[in-house]
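Order of the sequence lines sets the chain letters (A, B, ...), proteins ahead of strands, with each chain counted from 1.
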There are 2 protein chains.
Amino acid sequence: MNITLRQLRAFLAVSQHRGFARAGEHVGLTQPAISRRIRELEDNLGVRLLDRTTREVALTATGQRLAGELARVLETLDTLLAETRQAGEQARGTVRVASSPTLSASLMPACLADCGQQYPQVRLQIVDQVQRLNLDSVQSGEVDFGLVVDPQSPPGLDGVSVGSDPFVLVLPASHPLAAQASVGWAQLAAQPLVLLDGNSGSRALIDQALAQHGVSGEVVQALGHSTAVFRVVEAGIGISVSPQLALPLPAGSTLVVRPLLPEVRRQVMLVRRSGRSLSPVAEKVWQLMQATLGGLLSGNG
Amino acid sequence: MNITLRQLRAFLAVSQHRGFARAGEHVGLTQPAISRRIRELEDNLGVRLLDRTTREVALTATGQRLAGELARVLETLDTLLAETRQAGEQARGTVRVASSPTLSASLMPACLADCGQQYPQVRLQIVDQVQRLNLDSVQSGEVDFGLVVDPQSPPGLDGVSVGSDPFVLVLPASHPLAAQASVGWAQLAAQPLVLLDGNSGSRALIDQALAQHGVSGEVVQALGHSTAVFRVVEAGIGISVSPQLALPLPAGSTLVVRPLLPEVRRQVMLVRRSGRSLSPVAEKVWQLMQATLGGLLSGNG
DNA sequence: GATATTCATGGCAATTTTTTATCAATCAAT
DNA sequence: ATTGATTGATAAAAAATTGCCATGAATATC
């Protein structure tokens, strides 16, 4: 009872090739199949579209009008479908990735490079924000996905770990602890600490690690960005626990770096909305970044 | 491998009703059927169109673009198909009917009246020509069909008889033969005859009837229209054999009419191109005229 | 007339499609 | 927490469709 595209396509083929058998060849069907489809279409429409004598096929007035319009409509439809198909294959367009400040500086450049090489048509745009905002941006769909640090139980987000990054101690070369090759977390007790502030994804992890080792460090300064933290430490205000990825230190710095034992690592993760799929392009970039970051961080610990 | 309208319609329904089961209700299918169609469509396109969580269905970016465009395209298509369907049901438009002069005056007025009453939206246009031209016009498709007189073996035309019409003798009241209640064909021998000319459909029949009765009437005048014939007869130039339908005689005429025995009738026929269908409107008018003329001519003989 | 070409038709097989149950996952409310 | 309701996915059986083959019927051409 319903008109199908195949009936319409058969009709167009017949009207173009002026013959059922010829139309069949072009469509890949036998003549009886065409015959039936045309009859079905005519029955469905309640109108005779083709006058068939045994010698030739001619469009009726109604058929003529239909054929003309139909050709346009079907072409539009085919174009639309082809475009949709391409959307899945084509790697082009813009992908927005939210990234935490430290990671934007340390990991994203390599991703940008790889992406530019692999998918020249893709514009990979970094949205550099503090972790809390990043998660919101991913959740709201404002960005395609995010590169963040160990978000505990992300609400409505799916994440995959791409590697981990240890925390290290950053302190002036003149500091007593700098004499050791490595420093234990417990030794940080009573030390004045300069840390990233609570908007950073790492801060909660650092606090947790300190608490775990019974240390209630005195945080004398909390800052938004590692660069600022290093400056303050350099000024002798205190010492800092920093993600290794925040290194290297600025050139000419008088600071030194020491491993913190036992090693505490933060997970670096890619996160996306759960239950929602990425756009085809974003999916490709997601895969690419997973590979790129896996390579980078495996070498890193 | 081929995308069907049903898949596309299912997709649109889902995108509108935000749910497979709800979409199914509106389309008249069960939920699994919808589920399958959507999957087929996505497989065919190679793109995910809908993100389904167990709680809600959301369009992907690709799906969103497709849904918007598709709604327009399918609406266009549906409109086109509806129009085509209507073309078959709707009785409106112009129908051109070729008609021989005598018939245009005698039979067509009733047809015009009936048609105007039955199908007010239809414009029934009479193409009043001599028979020969009428047949050509029908053949070429210049008119939808024709109302003609007994065309022997019409080439490429199909005809149906709608009745017949006897030939009668028309002559001055003062003529010797006018004294008889009826006249035999044989009595026309040696009479000067005023007849319709060869372009008329009746002329060949009259000649044939005369020959059949061994009469080689002397045709002193051949004219194109019955009105002219009557005038010439009235002028005393000769007597005439005329189709009864050419009557009544002009008011105030001094002529009289006598039956010709044995009765010879001409067939009145509707003719159309063989192998070609009429437009839906023309088909309706064809049917109507067949009925109307059948009624008129059955009363007539 | 005989032949060739063209569309229509009936029967049978294969494929496709739909439905009927069922499952699995999630959200909401007790 | 557990339960209940809602939603989409899945498997198997049933129903419908679709295709091809072998014909038939009509007509134009030689």
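When distances run from any side-chain atom of A:A33 to the nucleotides D:dG8, D:dC20, C:dC7, the shortest one goes to D:dC20. Side-chain proximity of A:R52 to the nucleotides C:dA8, C:dT17, D:dA9 is greatest for C:dA8.
At D:dT18, one or more side-chain N or O atoms of A:R6 fall inside 4.0 Å of OP1 or OP2 (strictly under the cut-off). Applying the 4.0 Å criterion to OP1 and OP2 of C:dT17, one finds that B:R36 has a side-chain N or O inside that range. Between A:S35 and C:dC7 there is no side-chain N or O to OP1 or OP2 distance below 4.0 Å. Not one side-chain nitrogen or oxygen of B:T30 sits closer than 4.0 Å to the OP1 or OP2 atom of C:dT18.
Within 4.0 Å (heavy atoms only), B:R18 reaches no atom of the nucleic acid at all.
Of the possible polar contacts, none joining the B:R96 side chain to the B:T94 backbone as a donor-acceptor pair under 3.5 Å is found. Within the 3.5 Å criterion, the main-chain N or O of B:Q129 finds a donor-acceptor partner in the side chain of B:N134. The backbone N or O of B:L49 sits less than 3.5 Å from a side-chain atom of B:T60, completing a donor-acceptor pair.
D:dT23 atom C1' lies 11 Å from atom CD of A:Q31, rounded to whole Å. The CD1-C1' distance, from A:I34 to C:dC7, rounds to 12 Å in whole Å. Counting to the nearest Å, the C1' atom of D:dT17 and the CG atom of B:L5 are 16 Å from each other. Following rounding to the nearest Å, B:N2 (CG) and C:dT17 (C1') show an atom-to-atom distance of 16 Å. Rounded to whole Å, the distance from CZ on A:R37 to C1' on D:dT17 is 11 Å. With rounding to whole Å, A:R48 atom CZ is found 11 Å from C:dC7 atom C1'. Rounded to whole Å, atom C1' of C:dA28 lies 15 Å from atom CD of B:E56. Rounding to whole angstrom units, CD1 of residue A:I38 and P of D:dT18 are separated by 14 Å.
Comparing B:R22 and A:T53 by the nucleotide of DNA chain D whose heavy atom lies nearest to each, the residue mapping closer to the 5' end is B:R22. Taking for each of B:L29 and A:A21 the nucleotide of DNA chain C with the nearest heavy atom, the 5'-most of the two is the partner of A:A21. Comparing B:E40 and B:P32 by the nucleotide of DNA chain C that holds the closest heavy atom to each, the one mapping nearer the 5' end is B:E40.
Between atom CG of residue A:D207 and atom CD of residue A:Q212 there is a gap of 12.0 Å, rounded to the nearest 0.5 Å.
Crowding of A:R132 atom CZ: a count of heavy atoms from other residues, nucleotides or ligands under 6.0 Å not exceeding 12.
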